[in-house]
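For reference, the structure is listed below as structure tokens.
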Amino acid sequence: RLVAGGLGSVGYLGTQAVKIGQDQTRMEMALKMSSATGEFEDTLKYVKSEALRLGISSQEMGKAYAQINMAAEKLNMSQKQNMFTGISEYMKTVGMSKEGQAGVYRAVYQMFSKGKIEQGEVRQLAEWGMSTKVFRDSAMKSYGVTDVNKYLKMQRAGKIDPNKVLLQWA
């Protein structure tokens, strides 16, 4: 019986090791597809070092970075990394759950994909514990706007560019 139980545990551990390897391979493929020619190695190194520094899964961080990397095509690699690091550090500092981190990354991805910041994505950030006031203040500062109503009018008109705001916010 003891041997049978031990063999079951070894089988489970083997299955988990294969799953981790598959997740790593998928993350690396996503990074490769999202990176410009010659940037993959630097991008992979960045993701692994940041994940280690922040104590976050490199697979999850890599998948999120790959999505944002593809969508934020107007930003250079350094800008993307600085923004991503700022957001990730904040989430780690406040002890945000994995689900919360995924939700924040998804909202940021959606902003870049749409090319504008809408209230729906700002609400998503708030649902996961990000301050809408801090976000709005950063957006207003990016545009030199001091009147909240003027900012909200700009937002409703689709004139708030994530490429400009998210660098300020992060």
Side-chain angles (χ1 to χ4, degrees), residues 26-37 39-40 42-44 46-51 53-54 56-170:
R26 276 193 289 274
M27 181 272 293
E28 289 183 18
M29 291 294 288
L31 282 177
K32 192 173 283 190
M33 290 175 15
S34 75
S35 298
T37 305
E39 288 183 354
F40 169 69
D42 290 337
T43 301
L44 182 60
Y46 161 76
V47 166
K48 286 183 174 184
S49 68
E50 280 301 286
R53 183 177 72 83
L54 296 172
I56 299 172
S57 159
S58 65
Q59 289 89 1
E60 296 301 317
M61 187 174 201
K63 285 189 253 178
Y65 185 82
Q67 285 186 322
I68 292 171
N69 194 27
M70 280 196 296
E73 47 195 34
K74 291 182 181 177
L75 301 181
N76 66 39
M77 192 165 120
S78 176
Q79 290 172 315
K80 290 175 193 178
Q81 289 178 356
N82 288 338
M83 178 197 63
F84 199 82
T85 294
I87 294 168
S88 299
E89 285 175 344
Y90 176 81
M91 292 189 298
K92 183 65 177 178
T93 300
V94 299
M96 191 174 289
S97 69
K98 275 183 156 181
E99 294 80 17
Q101 292 173 28
V104 169
Y105 291 139
R106 186 172 37 257
V108 170
Y109 167 73
Q110 289 170 349
M111 290 176 201
F112 279 116
S113 293
K114 292 178 179 180
K116 59 185 175 181
I117 297 174
E118 295 179 330
Q119 195 56 35
E121 286 81 29
V122 176
R123 276 194 294 274
Q124 285 180 48
L125 294 175
E127 286 174 19
W128 298 111
M130 304 296 272
S131 169
T132 55
K133 182 184 180 336
V134 170
F135 187 85
R136 184 184 61 235
D137 289 350
S138 294
M140 289 172 62
K141 184 176 180 181
S142 295
Y143 281 90
V145 174
T146 56
D147 179 30
V148 173
N149 290 323
K150 182 177 179 183
Y151 165 74
L152 292 173
K153 186 176 179 181
M154 290 172 65
Q155 186 182 45
R156 282 191 295 274
K159 300 203 187 258
I160 307 298
D161 183 355
N163 293 290
K164 191 171 185 177
V165 172
L166 292 173
L167 293 174
Q168 176 75 34
W169 175 59

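Heads up: numbering here begins at 1 and tracks the sequence. Computation of the quantities below employed the complete heavy-atom set of this structure, encompassing side-chain atoms and omitting hydrogens, waters and symmetry-equivalent molecules. Here the structure is a predicted model, which means the values were calculated and not measured.
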**Message:** Which residues pass the side chain to side chain donor-acceptor pair (under 3.5 Å) test with Tyr109, not counting sequence neighbours?
**Reply:** none

**Prompt:** Which residues pass the side chain to side chain donor-acceptor pair (under 3.5 Å) test with Asn82, sequence neighbours left out?
**Reply:** none

**Complete:** Residues pairing under ring-ring contact (aromatic ring centres under 6.0 Å, His included) where one sits in residues 135-170, two or more places apart or in two chains, turn out to be Phe135-Trp169

**Asked** Quick one: ring-ring contact (aromatic ring centres under 6.0 Å, His included) pairs with a partner in residues 66-91, sequence neighbours left out?
**Response** Tyr65-Phe84, Phe84-Tyr105

**Item:** Heavy-atom donor-acceptor pair, Lys80 side chain to Asn69 backbone, under 3.5 Å
**Value:** yes

**Prompt:** Looking only at atom types and distance, does a side-chain atom of Lys116 sit under 3.5 Å from a main-chain N or O of Ile160, one as donor and one as acceptor?
**Reply:** no

Quick one: list whatever passes side chain to side chain contact (heavy atoms under 4.5 Å, CB included) with [X], sequence neighbours left out.
X	answer
Leu167	Leu75, Gln79, Met83
Arg53	Glu50, Thr85, Glu89
Asp42	Met77
Gln110	Arg106, Glu121, Gln124

**Item:** Salt-bridge criterion met for Lys114 and Glu118 (N-O under 4.0 Å)
**Value:** yes

**Item:** Steps toward side chain to side chain contact (heavy atoms under 4.5 Å, CB included) verdict (Met96, Met130)
**Value:** CA-CA 10 Å; Met96 191 174 289; Met130 304 296 272; 3.7 Å; yes

**Prompt:** Which pairs, with at least one residue in residues 130-142 and sequence neighbours excluded, count as a side-chain hydrogen bond (donor to acceptor under 3.5 Å, both in side chains)?
**Reply:** Lys133-Asp137

Least distance between heavy atoms, [X] atom then [Y] atom:
X	Y	result
Gly103	Trp128	CA-NE1, 3.4 Å
Gln81	Thr43	NE2-CA, 4.4 Å
Ser58	Val47	O-CG1, 3.7 Å
Ile117	Met111	CG1-SD, 3.8 Å
Leu54	Met61	CD1-CE, 4.2 Å

**Request:** Calculate, to the nearest 0.5 Å, the distance between atoms CG and CD belonging to Leu44 and Glu39 respectively.
**Result:** 13.0 Å

**Request:** Would you indicate whether Glu73, at its atom CD, is surrounded by more than 12 heavy atoms from other residues, nucleotides or ligands within a distance under 6.0 Å?
**Result:** no

**Prompt:** Side-chain contact, heavy-atom cut-off 4.5 Å: Gln119 with Gln155?
**Reply:** yes

**Item:** Sequence neighbours excluded - salt bridge (Lys or Arg N to Asp or Glu O under 4.0 Å) pairs with any residue from residues 161-170
**Value:** none

